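This report refers to the structure that appears directly beneath it.
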2 protein chains.
Amino acid sequence: MTDLAEPAHLVAPRRRDAAATRAAILEAAKRAFAVTGYDRTSLRDIAALAGSDVALIPRYFGGKEGLFTEALKATIAPDRLRDWDRRRFSRDVAEMMAGAADIADPRTRTFQFLLQAATSPTTAPLLGRAVQERFLAPIRDWLGDEAGQERARVLAAIYIGFLVERLIRGAALEGVERTAFVDRVTAVLEGVIDPQA
Amino acid sequence: MTDLAEPAHLVAPRRRDAAATRAAILEAAKRAFAVTGYDRTSLRDIAALAGSDVALIPRYFGGKEGLFTEALKATIAPDRLRDWDRRRFSRDVAEMMAGAADIADPRTRTFQFLLQAATSPTTAPLLGRAVQERFLAPIRDWLGDEAGQERARVLAAIYIGFLVERLIRGAALEGVERTAFVDRVTAVLEGVIDPQA
DNA sequence: GACAGATGTCAATGCGCGTTGACTTGGCCG
DNA sequence: CGGCCAAGTCAACGCGCATTGACATCTGTC
């Protein structure tokens, strides 16, 4: 598999501890699946990254699919949306989108993981439900909408779109295009967050 | 592989014709790759869909990767952007996004194909270049921007985002949420297409 | 300190894959 | 009509994979 640019083992040499081993495998799976996708990631890769044995994975997770779904669930954790400053949100996001996608950033890995899942017909429904519960609902609360969640939907969609664009763009934007891009993205986001402003 | 909901063979029984066979394989590959992705699609699947033999694929396309890159190139064709009515564009797109993704629609398949390519580190750069040439440039022309292409970038990103959202949403929106969604999406798109309005 | 169950190791199995090469069939041209 | 080359078929190979079950080792408990 591709280089993960990480220490050979995710964890320090540990004593016999099923829970810790399970956790190490799960963490390794989250990283590996995010970078390489479901199919290109072998259980041998994950085991090597976790510093454990391949045979433990079917035992602890019931198989590759079980590991994937559990890694998916663990990845879509309730976001720390409350931490975001509402005044700076749009501009911060815009600046982030103007940059390059950094594979070392855990959030990039998370997003790639989710995108991988979105393209597979089998995992897409599962992802849909998870996104609904753990992504859309928090955004709606954050926005303070009572009536519907269409605004959260729109915001999430736009956010995702810029992430994809950044992913396939590869490099960061520079110069005039960057500033113009940031301004426009800020305006777009602001228009959704504060429609009347 | 998953059901493609298509006739067993893409083409009528044809006589010995290398060009036609090649074309049938390529068409089958475009469909199969879009639905199942690179890894989950086997050459045997494609051959069966095209009504030909597996062994012909390495011969005609030099291998699976060759077939994929050729299918990718054939998929990113210059879009018929000029046909779109600029006044109705935003609302048409918004209505489309409020509906459900239809796998029978060739455009849905195309998009899924591209998204698949975007998530693979190896194919992402290739996709980026292709998108730049055959997607961003036409949009910029359509928008009539002289200075930069940041507006085309933003529009493309938002468009992609809604496509992804629709993909993972699965079902169509209904009732109040639908109308609210359509209105808001229309407004967002209009804000990018005609910033001063 | 010894037992027992939990934990980790290892080799082996079966399967599906892409690819290869030898073979057969078909159609065009003389 | 007959030969010849393109086009298509078929069987087989090697490889990597997930999974299994038998075996070894550690660790907490009495």
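Labels below follow one simple rule: chain letters A, B, ... track the order of the sequence lines, proteins then strands, and each chain is numbered from 1. Because only heavy atoms are used, hydrogens play no part in the values below, and waters and symmetry mates are left out as well, while side chains stay in. Note that the coordinates shown come from a computational prediction; the quantities given were computed from them, not determined experimentally.
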**Prompt:** What does B:Arg59 touch in the nucleic acid at a heavy-atom separation under 4.0 angstrom: a base, only the sugar-phosphate, or nothing?
**Reply:** base
**Request:** May I ask you to evaluate whether B:Tyr60 reaches the phosphate of D:dG8, defined as a side-chain N or O under 4.0 Å from OP1 or OP2?
**Result:** yes
**Prompt:** Is the backbone of A:Val54 close enough, under 3.5 Å, to the side chain of A:Arg44 for a donor and an acceptor to pair up by distance?
**Reply:** no
**Complete:** Atom CG of A:Leu56 and atom P of D:dT20 are separated, to the nearest Å, by 13 Å
**Complete:** Between CG of A:Asp17 and P of D:dT27 the distance, given in whole Å, is 11 Å
**B:Arg166 to B:Phe111, cation-pi by 6.0 Å centre distance and 45° axis angle** = no
**Asked** Between D:dA7 atom P and B:Ile57 atom CD1, what is the distance in whole Å?
**Response** 17 Å
**Request:** Could you check how far CG of B:Leu67 sits from P of C:dC17, rounded to whole Å?
**Result:** 15 Å
**Request:** Please report, rounded to the nearest Å, how far the P atom of D:dT29 is from the CZ atom of A:Arg16.
**Result:** 16 Å
**Asked** Hey, does the side chain of A:Thr69 reach the backbone of A:Gly66 with a donor-acceptor pair shorter than 3.5 angstrom?
**Response** yes
**Fill in**
The nucleotide from C:dT7, D:dG8, D:dT9 with an atom nearest the side chain of B:Ala55 is D:dT9
**Item:** Sidechain-backbone polar pair: B:Arg169 side chain, B:Gly99 backbone, donor-acceptor under 3.5 Å
**Value:** yes
**Asked** For the pair made of CG in A:Asp39 and P in D:dA18, what is the distance, rounded to whole Å?
**Response** 10 Å
**Prompt:** What does B:Leu43 touch in the nucleic acid at a heavy-atom separation under 4.0 angstrom: a base, only the sugar-phosphate, or nothing?
**Reply:** sugar-phosphate
**Request:** Return yes if some donor-acceptor pair links the side-chain N/O of B:Lys64 with the main-chain N/O of B:Thr41 below 3.5 Å, else return no.
**Result:** yes
**Message:** Under 4.0 Å from OP1 or OP2 of D:dG8: is there any side-chain N or O of B:Ser52 that close?
**Reply:** no
**Request:** Mark yes or no for a side-chain to base donor-acceptor pair under 3.5 Å between B:Arg44 and C:dG18, with no hydrogen or angle criteria applied.
**Result:** yes
**Prompt:** When all nucleic acid strands are considered with a 4.0 Å heavy-atom cut-off, which category describes B:Phe61: base, sugar-phosphate, or nothing?
**Reply:** nothing
**Prompt:** Once you round it to whole Å, what is the distance between P of C:dC17 and CZ of A:Arg40?
**Reply:** 15 Å
**Prompt:** Of all the choices, D:dT20, C:dC10, D:dC10, which nucleotide is nearest to the side chain of A:Asp53 once you look at every atom?
**Reply:** C:dC10
**Asked** Quick one: is A:Ser42 getting a side-chain N or O under 4.0 Å of the D:dG16 phosphate, OP1 or OP2?
**Response** no
**Request:** Grab the CZ-P distance between A:Phe68 and D:dA18 for me, whole Å please.
**Result:** 14 Å
